[in-house]
Amino acid sequence: MSELSEKIRATTSKGRRAGALLVLEDGTAFEGFACGAEGESFGEICFNTSLEGYLEVITDPSYAGQIIVMTYPQIGNYGVNPDDCQRDALALRGLVVRDMCETPSNWRSALSLPDFLKQEGVVAIEGIDTRSLVRHIRDNGAMKAGLSTTDLDRESLLGKVRASESIVGVNLAQTVSRTGAAPFEKVSCSHEFALDAAQGAPNETYRVVAYDCGAKDSIIQNLQRAGAEVTVVAWDTPADEVLAMQPDGVFLSNGPGDPEAVEETYEQVAKLLGKTSIFGICLGHQMLSKAAGAEMEKLKFGHRGGNQPVMNLLTGRVEITAQNHGFGTVFPSLGPLVPEESEGFSEHVDDLRVWAERKVAPVVMNERWGRIRLTHVNLNDGTPEGMAFLDVPAFSVQYHPEASPGPTDAHYLFTAFMRLMDGRHDYLDIDIAEDRLAGWRF
């Protein structure tokens with residue numbers, strides 16, 4: 001930056017700012033300005049397409065091990081309210097934005113996002129072309145990256161990036177899980193303005209044990225609002241300890257990283273299947289898949305954002321969903337198709353959008369758990385987004401239904417879980433247009 005540019009910048013709300021450098025594993029580099037804590041960090045670079053909800057994004061434990069690029073151009077304009085944080089400790093490795101707002105304007109704001117990042121020790125960079133960076137990730141896939149305010153030499157930082165650890169094969173869930181069993185009691189009073197007081201609090205009629213593989217607080221809160229008394233347990237809690245609590249159902253939470261590495265969780269899930277009702281989301285969906293012997297694949301750049309279109313194959317309705325994952329289930333690996341329950345089709349397809357076109361929710365025969373139906377498909381890339389076990393009480397989705405941040409289209413899934421615990425076979429037969437408004441004041 002020229003001397004004149006520096007003088008002009010010094011008179012703005014940005015002021016004089018130290019430099020920062022982002023380097024990707026393939027040598028691509030971006031120079032910008034520090035807008036968070038000093039230091040350097042390394043992780044897998046990924047991008048999130050949400051237009052709002054940046055605080056919920058950066059406090060989501062599912063981002064453990066990752067440097068997040070926000071695609072929306074200005075981030076931080078409504079500041080930070082700690083009540084919106086999804087966990088007390090941040091798990092992301094770094095944040096990349098086009099423009100960081102220093103002077104937020106919102107009645108709920110307690111401090112600015114840059115101040116929050118400094119407080120939490122998160123390295124961040126602004127002033128780079130995030131459009132170019134996101135295109136590069138889309139074309140070349142997710143990769144390791146380094147972010148530094150202390151080492152601004154490209155070759156030096158590149159060497160550190162290439163020597164850093166990959167998230168593949170690493171159990172990141174254990175780094176963000178709670179360590180013991182405890183009732184979940186967090187209630188945020190500042191959210192009352194958005195809740196429909198006329199609906200009232202539901203009776204806690206269901207006892208749910210939630211495996212914490214990196215659970216967002218808002219997801220547990222949604223279980224409570226649907227009528228569950230929730231006890232949260234560590235990611236590797238033995239199945240017999242969970243069953244000893246005599247739950248009506250078990251919830252498998254979201255979480256970060258490679259599902260193959262979270263062996264202790266999916267081994268327990270295999271012991272729980274058929275003995276209690278199970279609902280899994282995101283990593284929980286993958287844990288249920290692994291318990292059924294499915295193969296996993298690493299997606300090129302993952303699904304992250306609040307605008308992912310998913311078709312419910314049971315109803316034909318399209319849900320706009322919030323997602324955050326870099327791995328996915330290979331649906332054909334669950335077993336061969338059952339033609340008589342798949343409208344006569346007997347051959348698997350690579351692009352699952354074919355089932356949306358055919359208006360069919362295909363069923364496979366799993367060698368261990370019987371019939372499993374594909375219930376949801378991603379309309380962007382044809383990957384699996386949900387499944388329901390037909391011979392044991394269990395279902396799961398790959399996305400986040402809690403709307404923090406994101407749309408409320410998938411809120412019905414919490415209601416579906418309550419209905420599954422009631423023993424209803426039609427638990428997924430819900431008018432999502434009506435249910436998505438339940439409990440909220442608009």
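Quantities reported herein were computed from a predicted structural model and do not represent experimental measurements.
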Task: Thr175 side chain to Leu172 backbone, donor-acceptor under 3.5 Å - done: yes

TODO: Look at the side chain of Ser333 and the backbone N and O of Glu295, then say whether any donor-acceptor pair between them is shorter than 3.5 Å.
DONE: yes

Task: Ion pair check, Asp236 and Arg178, cut-off under 4.0 Å - done: no

- [ ] Report the relative orientation of the aromatic rings in Phe345 and Trp355; use parallel for angles under 30°, tilted for 30 to 60°, perpendicular for over 60°.
- [x] perpendicular

- [ ] Give a yes-or-no answer on whether the side chains of Asp26 and His136 include a donor-acceptor pair shorter than 3.5 Å.
- [x] yes

Open item on the list: Nearest 0.5 Å, please: how far is CG in Asp60 from CD in Gln86?
Closed with: 7.0 Å

Open item on the list: Test of understanding: with side chain to side chain donor-acceptor pair (under 3.5 Å), list the residues that count as partners of Tyr211, not counting sequence neighbours.
Closed with: none

Open item on the list: Does this structure show an ion pair linking Arg131 with Asp129, if we count only N-O contacts that are shorter than 4.0 Å?
Closed with: yes

Task: Glu260/Lys298 ion pair, N-O < 4.0 Å - done: no

- [ ] Could you tell me whether Glu126 and Arg17 make a salt bridge, using a distance below 4.0 angstrom between a side-chain N and a carboxylate O?
- [x] yes

- [ ] Could you go through the side-chain hydrogen bond (donor to acceptor under 3.5 Å, both in side chains) check for Tyr63 and Asn48 one step at a time?
- [x] CA-CA 11 Å; Tyr63 281 108; Asn48 185 293; 2.8 Å; yes

Task: Separation of Met287 CE from Glu264 CD (nearest 0.5 Å) - done: 10.0 Å

Open item on the list: Any side-chain to backbone donor/acceptor pair from Thr265 onto Trp235? Under 3.5 Å, distance only.
Closed with: yes

- [ ] For the pair Asp84 and Arg108, find out whether any cationic side-chain nitrogen is under 4.0 Å from an anionic carboxylate oxygen.
- [x] yes

Task: Mutual orientation of the aromatic rings belonging to His325 and His303 [parallel < 30°, tilted 30-60°, perpendicular > 60°] - done: perpendicular

Open item on the list: I need the full list of salt bridge (charged side-chain N to carboxylate O under 4.0 Å, His left out) pairs touching residues 365-377, with sequence neighbours left out, sorted by first then second residue.
Closed with: Glu341-Arg371, Arg371-Asp391

TODO: Would you check if the side chain of Trp369 reaches a backbone N or O of Gly274 as a donor-acceptor pair within less than 3.5 Å?
DONE: no

Task: Candidates Asn81, Val122, Leu55 - the one meeting side-chain contact (heavy atoms from CB on, under 4.5 Å) with Phe116 - done: Leu55

Open item on the list: Using a 3.5 Å distance criterion without hydrogens, assess whether the side chain of Ser342 forms a donor-acceptor pair with backbone atoms of Pro362.
Closed with: no

- [ ] Not counting sequence neighbours, list each pair that qualifies as a ring pair (Phe, Tyr, Trp, His ring centres under 6.0 Å) and has a residue in residues 71-102.
- [x] Tyr54-Tyr78

Task: Heavy-atom donor-acceptor pair, Ser396 side chain to Phe279 backbone, under 3.5 Å - done: no

- [ ] Scan side-chain atoms only and decide if Asn312 and Arg317 contain a donor-acceptor pair under the 3.5 Å cut-off.
- [x] no

TODO: Scan Pro61, Ser253, Pro259, Ser62 and name whichever one has a side-chain contact (heavy atoms from CB on, under 4.5 Å) with Cys213.
DONE: Ser253

- [ ] Please step through side-chain hydrogen bond (donor to acceptor under 3.5 Å, both in side chains) for the pair Gln308 and Glu319, ending with a clear verdict.
- [x] CA-CA 8 Å; Gln308 296 278 334; Glu319 305 163 24; over 6 Å; no

TODO: Flag the pair Phe389 / Phe395 as yes when their ring centroid distance falls below 6.0 Å, and as no otherwise.
DONE: no

Open item on the list: Once rounded to the nearest 0.5 Å, what's the spacing between atom CG of Leu352 and atom CG of Leu313?
Closed with: 8.5 Å

Task: Pairing of Asp426 and Arg419 as salt bridge, 4.0 angstrom limit - done: yes

Open item on the list: What's the separation between atom CE in Met143 and atom CG in Asn140, rounded to the nearest 0.5 Å?
Closed with: 5.0 Å

Task: Check: Asn254 side chain, Lys216 main-chain N or O, donor-acceptor pair, under 3.5 Å - done: yes

